[in-house]
2 protein chains.
Amino acid sequence: MLSSDDKKKYMQLAIKEARKAEKQGEVPIGAIIVDPEGKVIGTGYNRRELDEDATQHAEMIAIKEACKNLGMWRLIDCSLFVTLEPCPMCAGAIINSRIKDVYFGALDPKAGACGSVIDLFTVEKFNHHPHAIRGLFHDQCAQMLKDFFRAIREKQKAQKLAKKTENN
Amino acid sequence: MLSSDDKKKYMQLAIKEARKAEKQGEVPIGAIIVDPEGKVIGTGYNRRELDEDATQHAEMIAIKEACKNLGMWRLIDCSLFVTLEPCPMCAGAIINSRIKDVYFGALDPKAGACGSVIDLFTVEKFNHHPHAIRGLFHDQCAQMLKDFFRAIREKQKAQKLAKKTENN
C-alpha cells in the first residue's frame with residue numbers, strides 16, 4: 001500500500017520524465033511504473049515526434065520497460081503514475097498489462113479514456129479493471145501543458161511577425 | 001481504392017502472419033498495413049508471450065514498422081488488415097496513427113473495440129475516425145483461432161491423463 005508521501009514522490013518522478021520531453025520540444029507527458037514493493041520498474045516520456053512513431057506515448061514506453069525488467073507481460077499489483085489522463089491506446093495497454101492502480105494528473109477532455117471522454121476501465125466485459133485515481137498534482141501537470149502550448153503559440157506568432165516585417 | 005482482389009490478397013497476407021505466431025505457440029493473430037499505392041509497409045504477428053510484453057500485439061508491431069518505413073507517425077490514407085477485431089489498445093493506436101481503413105476477420109466478443117464490446121472508431125470527440133470493414137474472411141480467421149484453442153485444450157487433457165496414469 002502506497003503512502004501519501006510515496007504517491008507524491010512517484011508523481012514528481014513522472015513530472016521529471018515529462019520535463020525530459022519538454023526539453024526536446026515534445027508535448028510534456030511523463031510516466032513511471034512501480035512494483036508492489038515500491039521499486040520503479042519503468043519510466044517513459046512522450047517521444048511521438050522524436051521517434052516519428054504514433055505509439056511512442058509515455059505510458060507505452062514505461063509499460064514495455066516494466067515488462068522487460070520483470071521478464072513477464074503481466075504487471076500484477078503494479079501502479080502507473082502519469083502526468084496526463086491516458087488516451088484509448090494507453091488505457092488499453094494498461095488493461096492488457098493488468099496494472100492495478102493508475103494515478104494521473106491533468107484531465108484530457110479531448111482524448112481521455114479514463115473518465116473524460118470514455119472510461120475503458122469500467123467496461124464490464126473486459127477481463128481486467130484498473131483502478132483510476134484522478135487529479136494527483138492536477139494543477140502542476142495541467143500548468144506544464146498550458147505553458148508548453150502557450151510557448152508554441154508565441155513562437156509561431158513571432159515567426160509570423162518576422163515574416164511580415166521581412167516582406168514589407 | 002483497393003479492388004476486391006487486393007483486399008483478399010492483403011487479408012491472406014495477414015493470415016500468413018498469423019500462422020507465424022501459431023508456429024511459435026502464440027495465439028494466431030496477424031496484421032499488415034498497406035500504403036495508398038498498395039505497397040505493404042508494415043507486418044506483424046502476436047508476440048505477447050514470446051517477448052513477454054503486453055503491448056506486442058500484431059497491429060502494434062505493424063504500426064511501428066509502418067511508421068519507421070514512412071519516417072512519420074501519421075499513416076495517412078493507409079489501410080490495416082488484421083485477422084481479429086482490434087482490442088482497445090490497438091484500436092487506440094489505429095486512431096493515433098490516423099489509419100484510414102481497418103479490415104478485420106474474426107469478431108472478438110470479449111475485447112473487440114470496433115463494434116463488439118465498444119466502438120472506439122465512432123466516438124465523436126476523438127480527432128480521427130477510421131472506417132471499419134468487418135468480417136473479411138471471417139470464417140477462415142475464426143476457424144484458425146478455434147483450432148488453436150482446441151489443440152491447447154486437447155494437449156492439457158492429455159497431460160492431465162498422463163499425470164493421472166503416472167500416479168496410479
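Throughout, protein chains are lettered first and strands after them, A, B, ... in sequence-line order, and every chain is numbered starting at 1.
K125(B) touches chain A through backbone and side chain together, each having a heavy atom under 4.5 Å away.
Put simply, L107(A) and I94(A) are part of the same group of oily side chains (I, L, V, M, F, W, Y) that touch within less than 4.5 Å, one to the next.
In terms of modelled atom types and a separation under 3.5 Å, the side chain of H129(A) and the main chain of V123(A) share a donor-acceptor contact.
Relative orientation of the F81(B) and Y10(B) rings is tilted, given thresholds of 30° and 60° on the angle between their planes.
By the 4.0 Å N-to-carboxylate-O rule, K68(B) lies too far from E65(B) to be salt-bridged with it.
In terms of heavy-atom pairs under 4.5 Å with chain B, the best-connected choice from G71(A), A111(A), C87(A) is G71(A). Interface remark: of the candidates G92(B), A54(B), P109(B), A54(B) forms the most heavy-atom pairs closer than 4.5 Å to chain A.
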